[in-house]
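Have a look at the structure below before the remarks.
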Amino acid sequence: MKKFLLAIFPLFFISFTAHTYSPNFKWLGSDNTFKIDPLTDGILFGTGVALNGTEFLLDNILDVNDKTFSSIPSKDTINSFDRYFMKDYSKTIDISSDVLVGFAFASPLLFSATNLKELPTITIMYLETLLLAKGTVDNLKFFASRTRPYMYYENYPQEFIEDGDWCKSWPSGHTTYTFATAAFLTYTFSKYNPDSNWKYVISGTSYAIAISVGAMRIASGCHFATDVLTGAIIGTAWGFLVPYLHTLKVNNSSSLSITPTGFYLTKRL
């Protein structure tokens with residue numbers, strides 16, 4: 001938590017500056033762009049809470065998949081692609097990736113500071129995105145129980161054995177969150193400012209951060225390459241899907257219906 005607070009503190013100062021000197025960006029809350037809807041948001045938020053609650057119940061309360069570490073496994077059991085990129089543990093790179101994720105987490109709220117009255121809409125959509133991304137990743141980690149790369153080396157970190165984190169490699173949570181943020185920022189900002197050249201700067205910067213985090217997770221020995229690639233796909237999917245669903249009822253031009261037989265999109269002409 002301290003690392004996270006240290007990472008995002010500079011952004012609060014920048015947010016204040018951006019709000020004072022912003023170039024009149026239009027951000028969130030307009031019925032012409034995104035719309036908060038009780039049904040859609042209830043389903044998205046409820047699903048996110050359910051996913052996180054399920055993993056917490058199974059892993060922390062019921063100990064359904066309580067694995068114990070006995071000996072260092074052989075690298076020969078790893079596929080050639082992952083084996084080529086796997087690294088020993090680096091605490092410095094691990095902590096650095098935590099700090100970079102902190103900046104990524106705060107970035108959507110930083111840009112929404114250009115118009116504070118739009119903050120509730122961006123906060124709701126972003127919270128739903130992170131809840132769904134985290135719930136998806138945590139459940140996959142729990143059921144896959146993949147051993148992390150650093151456990152294949154002699155000097156593995158003992159503290160991760162004690163807290164059970166050593167067998168939660170696939171997929172990469174850090175990568176998922178940063179790619180979710182990158183997709184979320186790119187989509188929402190572009191929707192509000194389709195003619196602004198800033199959308200290229202925001203998209204390029206956010207994806208550069210996400211890619212850097214993914215690379216650092218591999219270099220730190222915390223994840224395999226396939227962990228990172230999977231996290232990038234999951235994060236991008238939720239980062240795009242959540243704000244996209246909030247455009248379906250804009251100006252009552254379209255609606256999302258959910259029935260026992262599936263999801264239906266109706267568009268009024």
Side-chain angles (χ1 to χ4, degrees), residues 1-9 51-79 82-106 130-131 133-181 209-232 234-235:
M1 180 59 69
K2 289 183 179 180
K3 292 184 291 184
F4 176 76
L5 291 176
L6 287 174
I8 67 173
F9 177 78
L51 285 172
N52 283 275
T54 299
E55 188 278 334
F56 181 82
L57 175 66
L58 294 174
D59 192 17
N60 296 280
I61 298 179
L62 300 180
D63 289 329
V64 172
N65 193 23
D66 188 20
K67 292 185 64 176
T68 57
F69 178 72
S70 56
S71 61
I72 297 176
S74 172
K75 295 179 184 178
D76 294 334
T77 60
I78 305 300
N79 67 78
D82 279 332
R83 188 167 61 247
Y84 180 80
F85 292 101
M86 66 187 297
K87 302 290 184 180
D88 196 358
Y89 181 67
S90 170
K91 186 174 184 178
T92 300
I93 300 178
D94 185 13
I95 294 176
S96 298
S97 67
D98 289 340
V99 173
L100 202 54
V101 169
F103 276 95
F105 271 148
L130 293 181
L131 273 175
K134 184 178 185 301
T136 302
V137 166
D138 286 353
N139 278 279
L140 290 175
K141 283 177 177 290
F142 174 76
F143 288 107
S145 296
R146 189 181 193 186
T147 302
R148 292 186 184 270
Y150 55 60
M151 297 305 301
Y152 292 82
Y153 297 86
E154 293 289 344
N155 60 332
Y156 58 83
Q158 185 64 39
E159 63 268 25
F160 296 147
I161 299 292
E162 299 170 356
D163 63 16
D165 193 59
W166 63 276
C167 60
K168 296 180 179 180
S169 186
W170 183 85
S172 168
H174 286 62
T175 308
T176 299
Y177 308 143
T178 49
F179 269 88
T181 297
I209 291 175
I211 293 171
S212 298
V213 168
M216 293 169 73
R217 298 309 288 167
I218 297 174
S220 67
C222 293
H223 286 288
F224 294 102
T226 50
D227 302 338
V228 168
L229 292 174
T230 305
I234 295 172

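FYI, side chains are in, hydrogens and waters are out, and symmetry mates aren't considered; it's all heavy atoms of this structure.
N139 places no side-chain N or O within donor-acceptor distance of the main-chain N or O of T54, the cut-off being under 3.5 Å. Here the side chain of R146 pairs no donor or acceptor atom with the backbone of K141 at under 3.5 angstrom.
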> Could you go step by step and tell me if D94 and R217 meet the side chain to side chain contact (heavy atoms under 4.5 Å, CB included) rule?
Replying inline: CA-CA 7 Å; D94 185 13; R217 298 309 288 167; 2.7 Å; yes
> What's the verdict on side chain to side chain contact (heavy atoms under 4.5 Å, CB included) for D98 and H174, showing C-alpha distance, side-chain angles and the deciding distance?
Replying inline: CA-CA 8 Å; D98 289 340; H174 286 62; 2.6 Å; yes
>> The test is side chain to side chain contact (heavy atoms under 4.5 Å, CB included); show your working for M216 and L100 and say whether it passes.
In response: CA-CA 10 Å; M216 293 169 73; L100 202 54; 4.0 Å; yes
> Can you list the steps and then say if R148 with D227 is a salt bridge (charged side-chain N to carboxylate O under 4.0 Å, His left out)?
Replying inline: CA-CA 10 Å; R148 292 186 184 270; D227 302 338; over 6 Å; no
>> Set out, in order, the CA-CA distance, both residues' side-chain angles and the distance that settles side chain to side chain contact (heavy atoms under 4.5 Å, CB included) for L140 and I234, then state yes or no.
In response: CA-CA 11 Å; L140 290 175; I234 295 172; 3.6 Å; yes
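Between atom OG1 of residue T147 and atom CZ of residue F69 there is a gap of 8.0 Å, rounded to the nearest 0.5 Å. In this structure, CZ on F103 lies 14.5 Å from OG1 on T178, to the nearest 0.5 angstrom. Distance check, rounded to the nearest 0.5 Å: OH of Y150 to CG of N155 gives 12.0 Å. Going from atom SG of C222 over to atom CG of D165 covers 8.0 Å, rounded to the nearest 0.5 Å. Taking CD1 of I218 as the reference point, atom OG1 of T175 lies at 7.5 Å (rounded to 0.5 Å). Note that CE of M86 and CG of D88 are 9.0 Å apart. Values are rounded to the nearest 0.5 Å.
In terms of heavy atoms, P171 sits closest to G231 at CB-N, 4.0 Å. Residues G135 and L51 share a closest heavy-atom pair of CA-CB, 3.7 Å. In terms of heavy atoms, Y152 sits closest to T77 at CE2-OG1, 4.0 Å. Here the closest non-hydrogen pair linking I161 and M151 is CD1-CE, 3.0 Å. Closest approach of T176 and A133 over heavy atoms only: CG2-CB, 3.9 Å. Nearest heavy-atom pair across E55 and K168 is OE2-NZ, 4.5 Å.
Residues D138 and F56 form no side-chain contact, since every pair of their non-hydrogen atoms from C-beta on lies 4.5 Å or further apart.
Remark: aromatic rings of Y177 and F105 are close, center separation under 6.0 Å. Not less than 6.0 angstrom separates the ring centroid of W166 from the ring centroid of Y156.
With no hydrogens or angles considered, a side-chain donor-acceptor pair links W170 and T230 at under 3.5 Å.
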